[in-house]
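Remember, predicted model here, so these are calculated numbers, not experimental data. Protein chains get the first letters and strands the later ones, always in sequence-line order, with residue 1 at the start of each.
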Number of protein chains: 2
Amino acid sequence: MIAPEDQDVVSALEGPPRAPLPASSRDKILDVAEALFARRGYAGVGLREVAEQVGLGKSSLFHHFRSKAELYLAVLLRVFERIDERVRPSFEAGGPPEERLDRSVDALIDALAEHPTTARLLLRGLFEDDDLPDRASAALAEAERALEKLVGGMLGLLREGIESGAFRSASPGHVLQTLVGAVVYHFASGEFGEGMIGAPLFSQGAVRRRKDEVKQLLLRGLSAPPAPALRTGGPS
Amino acid sequence: MIAPEDQDVVSALEGPPRAPLPASSRDKILDVAEALFARRGYAGVGLREVAEQVGLGKSSLFHHFRSKAELYLAVLLRVFERIDERVRPSFEAGGPPEERLDRSVDALIDALAEHPTTARLLLRGLFEDDDLPDRASAALAEAERALEKLVGGMLGLLREGIESGAFRSASPGHVLQTLVGAVVYHFASGEFGEGMIGAPLFSQGAVRRRKDEVKQLLLRGLSAPPAPALRTGGPS
DNA sequence: GTCTATATCACGATAGAC
DNA sequence: GTCTATCGTGATATAGAC
């Protein structure tokens with residue numbers, strides 16, 4: 001392990017510094033592609049535009065990624081990993097269900113607020129039927145399975161809370177769908193969402209506020225009775 | 001007003017029947033395009049594919065829509081209108097805020113569940129930065145303003161409920177973002193969402209269940225104290 | 001209104017020099 | 001590892017006959 005204070009020295013000997021990126025071409029391509037794919041999706045982005053913004057010729061991209069699909073895949077994988085890294089420890093740590101849920105929501109929102117592209121790419125990864133070539137599509141499916149382990153953990157946490165009586169009886173799947181929608185949609189909602197809350201979505205204050213509002217709604221919504229009167233079902 | 005039983009007679013005199021569609025070419029194009037755009041987005045769909053599925057030559061499309069952008073716009077407008085039609089009367093009708101909110105959620109979910117394409121297109125319309133030509137982009141912005149009137153009404157309803165004490169103190173914008181995320185994301189979430197709730201998203205039972213689960217969470221979440229203990233903020 | 005061309009352009013990807 | 005040049009394809013859109 002390398003002590004943080006020694007990194008500059010070490011990197012002077014071993015290579016470029018890690019955190020403040022001069023950034024390899026590969027990383028630069030990924031960054032540019034991430035921003036573009038988030039805005040316009042897989043089909044909406046041309047490699048020419050990527051190359052231009054990176055400052056390379058189009059052909060040079062193919063030395064780093066064999067195809068457009070592979071580039072897209074690499075972008076999505078990086079996003080999934082960032083999310084997993086942030087959220088997993090927060091709900092794997094112990095404590096009563098309310099606290100673990102509370103912490104997990106914080107972590108998930110932090111993960112989505114870290115880069116303005118994250119929520120949009122996650123959303124695209126989840127609901128978009130891109131026609132990727134078979135191999136890339138399979139790799140993506142596998143990456144989503146990693147996310148599903150995260151989902152499985154969250155579902156377990158909710159089930160546990162319900163069984164222990166900490167939460168009222170509810171469908172863990174529906175609750176989780178609501179949570180995901182509430183946070184992923186929110187940070188993907190761009191100008192529309194900013195009009196709704198009257199502030200930039202990614203400002204520090206707005207992020208903290210979002211955490212509080214979501215947790216209030218969720219934890220109150222999951223708390224045991226008294227239940228308000230509800231019309232059930234309604235017109236199909 | 002025309003009695004339903006007389007429609008066949010009337011339409012035999014006046015034109016094709018209204019409900020059971022032999023469908024004009026224009027409507028057929030819109031239907032096909034809606035399905036495709038919902039799945040793969042604006043850039044991901046080629047007019048060739050649309051024409052094939054409609055059963056026309058590619059060029060014939062341009063007699064009904066001047067450009068691809070105009071076709072996309074027409075699809076989105078139809079979707080927005082369908083939503084507006086369904087939801088507006090439900091919250092404009094009177095009653096106490098809880099009831100109006102209850103009915104509005106039912107109506108919104110009914111609108112999204114009506115066609116499997118609706119939620120995805122709405123989502124795309126809200127967050128996607130398609131590069132449409134300026135004129136189409138402006139028209140879309142105007143259409144979104146119509147939706148914003150709906151949003152404004154919902155915000156007013158929430159504010160009213162909060163001021164009257166029916167709901168606890170909360171940010172109407174954040175609550176509405178949560179509601180929209182909870183329902184629009186849900187019905188756009190495809191296979192991922194189906195894995196989450198363990199059923200087809202659009203089956204009658206699943207739709208009814210979604211209504212109940214969302215309303216439980218929302219109305220309980222908005223009910224007045226007692227409040228569970230909450231960690232506020234968390235790491236930024 | 002639908003068709004058969006066709007124009008024009010951008011795309012993803014490859015070849016091969018440096 | 002980056003470049004120039006190019007291939008082949010499919011895109012949107014137009015022209016004009018029927």
ask   = Could you walk me through whether Leu126(A) and Leu122(A) pass the side chain to side chain contact (heavy atoms under 4.5 Å, CB included) check?
value = CA-CA 6 Å; Leu126(A) 292 183; Leu122(A) 177 58; 4.2 Å; yes
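- To the nearest angstrom, P of dA7(C) lies 17 Å from CZ of Phe62(B).
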When the side chains of residues 135-152 of chain A are checked against the rest of the protein, which donor-acceptor pairs come out under 3.5 Å, sequence neighbours left out?
none

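- Taken residue by residue, residues 33-44 of chain B places no heavy atom nearer than 4.0 Å to DNA chain D.
- Look at Asp110(B) and Arg208(B) and you find no salt bridge, because none of the NZ, NE, NH1 or NH2 atoms lies under 4.0 Å from a carboxylate O.
- In this view, Thr117(B) and Glu34(B) satisfy the side chain to side chain donor-acceptor pair (under 3.5 Å) rule, not counting sequence neighbours.
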Mind listing the side-chain donor-acceptor pairs of residues 41-56 of chain A below 3.5 Å, one per line with the distance, residues two or more places apart or on another chain?
unit_1   : atom_1 : unit_2   : atom_2 : d
Tyr42(A) : OH     : Ala69(A) : N      : 3.4
Glu49(A) : OE1    : Arg40(A) : NH2    : 2.4
Glu49(A) : OE2    : Arg40(A) : NH2    : 2.9

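- A heavy atom lying under 4.0 Å from DNA chain D marks the following residues of residues 52-60 of chain B, by number: Lys58(B), Ser59(B).
- Rounded to whole Å, the distance from CZ on Arg26(A) to P on dT2(D) is 13 Å.
- An OP1 or OP2 oxygen of dC11(C) is reached within less than 4.0 angstrom by a side-chain nitrogen or oxygen of Arg48(A).
- For the segment residues 66-76 of chain B, the set of residues with a heavy atom within less than 4.0 Å of an atom of DNA chain C is empty.
- Contacts of Val50(A) with the nucleic acid, taken as non-hydrogen atoms under 4.0 Å apart, are absent.
- Here Arg88(B) pairs with Asp84(B), Glu92(B) under the salt bridge (Lys or Arg N to Asp or Glu O under 4.0 Å) rule; sequence neighbours left out.
- Phosphate proximity of dC3(C) to His63(B): absent, as no side-chain N or O sits under 4.0 Å from OP1 or OP2.
- Closest to the side chain of His64(A), from the set dG1(D), dA13(D), dG12(C), is dG1(D).
- Applying the side chain to side chain contact (heavy atoms under 4.5 Å, CB included) test to Pro200(B) and every residue at least two apart in sequence or in another chain returns Glu194(B), Ser203(B).
- Listed by first and then second residue, the ring-ring contact (aromatic ring centres under 6.0 Å, His included) pairs that reach into residues 191-211 of chain B are Phe187(B)-Phe202(B), sequence neighbours excluded.
- Residues satisfying the side chain to side chain donor-acceptor pair (under 3.5 Å) test with Glu128(A), not counting sequence neighbours, are Arg124(A), Arg124(B).
- With sequence neighbours excluded, the residues forming a salt bridge (Lys or Arg N to Asp or Glu O under 4.0 Å) with Glu114(A) are Arg86(A), listed by chain and number.
- For the side chain to side chain donor-acceptor pair (under 3.5 Å) test, residues two or more places apart in sequence or in another chain that qualify with Thr118(A) are Arg82(A).
- If you take CZ of Phe65(A) and C1' of dG1(D), they are 14 Å apart, rounded to a whole angstrom.
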